[in-house]
Amino acid sequence: MITQEKIDSFIKRIPPAPDALKQTVSLLKEGELTKAAKAAEKDPALSSYLKDLVNKPIFGFKSKVENISQIFGILGVSRSQQSVYSYMISLLSPKEWKLFGLNQTSFYNLQAELNAKWQKILQHLDINDKEIESAISLLPASIIVSEALFCEKIDDVNLLRSVDEIDLNTILQRLCKMDLFDIAARIAEKWEMDEKIIQIVQAASGVKPSEDETIDKLGKWMHLLLFYTLSQPSYIEAGLNDFIDFQTEYVMDIYDDFAQLMEIE
Amino acid sequence: MRAVVKDGVGVFHPQGFLDGNSGNSLLSIEDIESTIKSNADMILVSLKKVVFFNRNGLDAFVKMFQKVRSANHIVVGFCDYDRKKYDTIMKFYKDEVMFSLFKTQEIAMLFASNFKSEGKNVLLYSEDKSQRAAIAIELHDNGHNPVVAQTKEEFDEKAKKEAAYDVIIEDTFLGQMGQKVAARVTGNAIIYTLSSFLDAEIGNTFNIAYHNNSLNVGFRLFIFDAYKVVSMNVHALNFFSKLSSSAAEYNATICFVGMTFEKTPITFKETLEDAGIMFFEQMDDILGDKELLKELGASSAAVTKNKRVLNKQIVTETPNFIDATVATIEMMTNSEAKKEAAKVDNITIDDKEGKIASSIGFYGDIDGMVILVFPIGIAKKACELLIGEETDDNELILDTLAELVNIVGGKVKTLLSDEDISVDITLPRTYPDIDSLLEIAQGKKGVQVDLNFNNDKFLFFLTR
């Protein structure tokens with residue numbers, strides 16, 4: 001059994017924020033883009049991460065963007081904040097993934113893809129909310145925490161998987177009494193994110209719908225987005241696709257809208 | 001991704017978006033291999049958690065279906081879908097649907113051979129008349145009580161009385177059903193089971209290499225159990241005509257049992273009869289008639305086609321064959337078996353009286369046949385472990401000897417695969433006396449080895 005304390009101790013390490021990073025986050029929260037860019041430049045790892053991130057094909061910039069102020073300018077406050085959260089998570093990303101077949105690059109790609117598509121969804125739904133935009137960062141974060149928790153009990157996990165075809169999320173629940181989305185909600189709490197963010201990620205599990213219509217709708221979009229992304233070959237091979245139980249019925253009413261937005265033929 | 005196998009039914013549960021890329025990532029070559037080896041009687045792919053699929057995505061699974069079917073001849077198909085998905089799949093594959101479609105897993109289970117749920121009251125409807133018939137026949141065959149609605153209106157009306165039925169079937173399609181290729185019966189006949197629609201696909205699903213090797217090792221009677229056949233088209237007609245002609249070269253007989261010609265032109269029957277195929281209404285008409293069975297199954301093999309010569313590779317591998325035989329006999333008798341003399345020559349059996357024999361063929365990277373000849377008393381001893389008790393029932397002893405040679409064949413297969421030589425084995429054949437053996441083996445050159453255990457001698461012969 002993995003205790004609540006153990007889980008909290010993992011979550012507590014997110015973020016292990018150095019000063020420059022903390023400053024960047026708080027300035028972004030105040031909407032101070034220029035000052036935030038200056039703060040971010042002081043942290044070479046953060047700067048390099050941001051450059052790497054925005055120059056990924058999914059962002060679709062024609063020429064390479066190098067300057068942090070320029071990057072923040074292009075991204076705007078919400079997406080800059082989201083990107084910095086992603087960086088904080090990446091700091092926790094293990095050097096060597098033992099359970100999920102990921103590496104640093106594929107993990108960054110996963111973050112980038114989720115971020116970009118979530119952004120697209122929020123635009124489509126006409127939602128302009130910094131916190132909600134950052135909510136998507138919680139999913140990769142909880143994948144990292146899950147990997148760390150599984151690694152604590154890697155032998156047990158492998159044994160459970162070999163004797164029965166149990167999905168990892170069920171194993172996670174049995175070992176920790178929490179599933180991926182509970183962990184995401186827990187991280188949101190620790191990061192002192194808004195209560196509605198906690199509710200959105202809970203709804204995104206597909207098994208804990210929210211009574212609040214908007215939150216439930218966002219939960220559905222997030223659930224479907226997660227599966228859309230995890231249906232890509234690299235994540236299937238990494239073992240992420242069967243990590244979570246997909247709830248088709250839950251998302252059926254938004255599927256057509258989603259398919260149209262993502263241009264699925 | 002691996003199938004979850006329960007009660008002989010293996011189910012894959014892909015989830016999310018299924019396109020060409022993800023489909024191929026979900027199923028590795030190892031996954032397909034392990035599915036083939038899973039010994040399941042039915043392989044299903046549940047579409048319950050698939051929110052999107054395209055033709056390329058399904059193709060990955062359909063290719064797996066084809067491989068599993070050609071290896072194991074079992075029921076394969078998709079399940080857990082709604083009307084929209086059903087229509088889409090039918091549109092994608094149109095006339096080339098070789099797999100089945102079961103609306104739910106519960107429906108699929110009704111067709112699983114070893115699933116213990118007999119006696120269900122089932123209401124069924126399909127727009128396709130022949131599908132209605134095929135479904136009803138399969139259900140009936142599995143011990144259920146099918147009620148067939150002839151029209152959609154009748155179906156909707158009946159379906160209102162939900163409580164009257166255990167299961168209601170619609171949006172279901174039976175592709176090629178389980179087709180266990182061979183079963184050995186006393187009398188050295190091989191029985192193949194056919195079902196539903198016989199079309200050009202029979203050329204792919206019928207294991208012709210296996211059949212030819214069965215002919216080669218001396219099987220002379222092939223019975224097609226055709227009770228479950230709904231209809232046959234001209235491609236299948238040609239296939240069986242050719243099969244019969246080639247069998248004639250070996251003096252072998254092909255019979256059809258239980259075939260009705262309600263949906264198949266009666267002229268087909270005449271054509272097949274002209275090709276030498278015999279028709280029987282009941283299996284018992286052949287199997288119950290020992291005289292007929294003997295006449296058909298033991299017809300002279302003197303005209304054996306293509307007498308083949310022993311080659312170097314077979315001789316090189318002889319130690320493997322002897323080791324497999326010795327190991328099997330040692331395991332069965334718990335005593336040490338020894339090799340006495342070996343020579344390469346035509347088979348010679350000094351004293352023909354009171355001896356029985358058994359053979360098994362192998363084919364693949366190398367091909368040939370192992371023959372074991374035992375004095376009947378020694379055969380009894382060698383088979384004691386399998387028989388379990390004293391018996392003088394010669395038929396039982398012969399059957400058990402077949403088991404023994406089957407184990408030898410299995411061991412040979414394993415030993416050869418260690419050397420990267422891949423072979424498959426045929427069913428074992430038995431010979432109640434030496435004369436019937438010589439019909440097959442006379443004049444064949446091979447490696448003959450005298451073996452003994454507890455001073456009881458028996459003969460091993462390896463030939464092509």
Side-chain angles (χ1 to χ4, degrees), chain A residues 100-102 106 110 113-114 117 158 160-170 204-207 220-265, chain B residues 1-7 9-32 34-35 38 40 43-61 64 78-86 88 91-92 103-105:
Chain A
F100 298 118
L102 290 172
S106 58
L110 175 64
E113 281 169 43
L114 285 172
K117 286 173 194 151
N158 287 334
L160 279 170
R161 297 205 90 189
S162 68
V163 291
D164 205 349
E165 286 282 335
I166 311 175
D167 67 87
L168 284 172
N169 206 25
T170 308
S205 69
V207 289
K220 285 178 185 184
W221 280 87
M222 194 182 268
H223 187 75
L224 196 47
L225 170 64
L226 186 61
F227 269 91
Y228 179 56
T229 312
L230 297 187
S231 292
Q232 288 178 38
S234 53
Y235 305 126
I236 291 174
E237 280 151 23
L240 285 170
N241 182 280
D242 52 4
F243 182 12
I244 312 141
D245 216 10
F246 186 27
Q247 307 298 325
T248 29
E249 288 86 11
Y250 180 58
V251 296
M252 260 357 262
D253 58 334
I254 60 145
Y255 177 76
D256 289 339
D257 206 4
F258 181 90
Q260 205 175 357
L261 183 67
M262 297 296 159
E263 294 167 21
I264 301 165
E265 286 181 15
Chain B
M1 136 176 288
R2 298 282 158 106
V4 182
V5 183
K6 206 179 160 195
D7 291 328
V9 178
V11 189
F12 284 92
H13 296 276
Q15 57 173 2
F17 293 72
L18 199 57
D19 59 17
N21 291 330
S22 59
N24 289 325
S25 303
L26 284 167
L27 273 186
S28 64
I29 293 168
E30 291 77 27
D31 293 337
I32 296 174
S34 96
T35 310
S38 70
I43 291 292
L44 299 171
V45 174
S46 167
L47 296 177
K48 194 174 180 179
K49 290 185 183 292
V50 173
V51 70
F52 163 87
F53 60 78
N54 61 18
R55 165 99 196 216
N56 290 341
L58 293 187
D59 271 350
F61 287 97
M64 181 268 290
F78 293 102
C79 67
D80 297 329
Y81 47 74
D82 54 17
R83 166 64 61 83
K84 198 174 154 195
K85 284 179 183 165
Y86 175 79
T88 311
K91 204 173 107 191
F92 282 164
K103 192 176 183 184
T104 63
Q105 251 186 73

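Note: hydrogens, waters and symmetry copies are ignored here, and every other heavy atom, side chains too, is used.
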Would the distance check show the side chain of A:T248 and the main-chain N or O of B:K48 forming a donor-acceptor pair, the cut-off being under 3.5 Å? yes
Restricting to non-hydrogen atoms, name the atom on B:S22 and the atom on A:S231 that form the minimum distance, rounded to 0.1 Å. CB-O, 2.9 Å
How about A:I264 and B:F17: do any of their side-chain heavy atoms sit closer than 4.5 Å? yes
Rounded distance [0.5 Å steps], CZ in B:F52 versus CE in A:M262: 13.5 Å
Chain B shares the most heavy-atom pairs under 4.5 Å, among A:D245, A:L226, A:V251, A:L224, with A:D245
Nearest 0.5 angstrom please: B:L18 CG to A:I236 CD1, how far? 8.0 Å
Side chain, backbone, both or neither: which part of A:Y250 has an atom under 4.5 Å from a heavy atom of chain B? neither
Which atoms of A:Y255 are under 4.5 Å from chain B, going by heavy atoms: the side chain, the backbone, both sets, or neither? side chain
What distance separates A:Q232 CD from B:D19 CG, expressed to the nearest 0.5 Å? 9.0 Å
Where the side chain of A:N241 meets the backbone of B:Q15, is there a donor-acceptor pair that is under 3.5 Å apart? yes
Just to verify, which of A:F246, A:F227, A:Y228 counts as forming a side-chain contact (heavy atoms from CB on, under 4.5 Å) with B:V51? A:F246
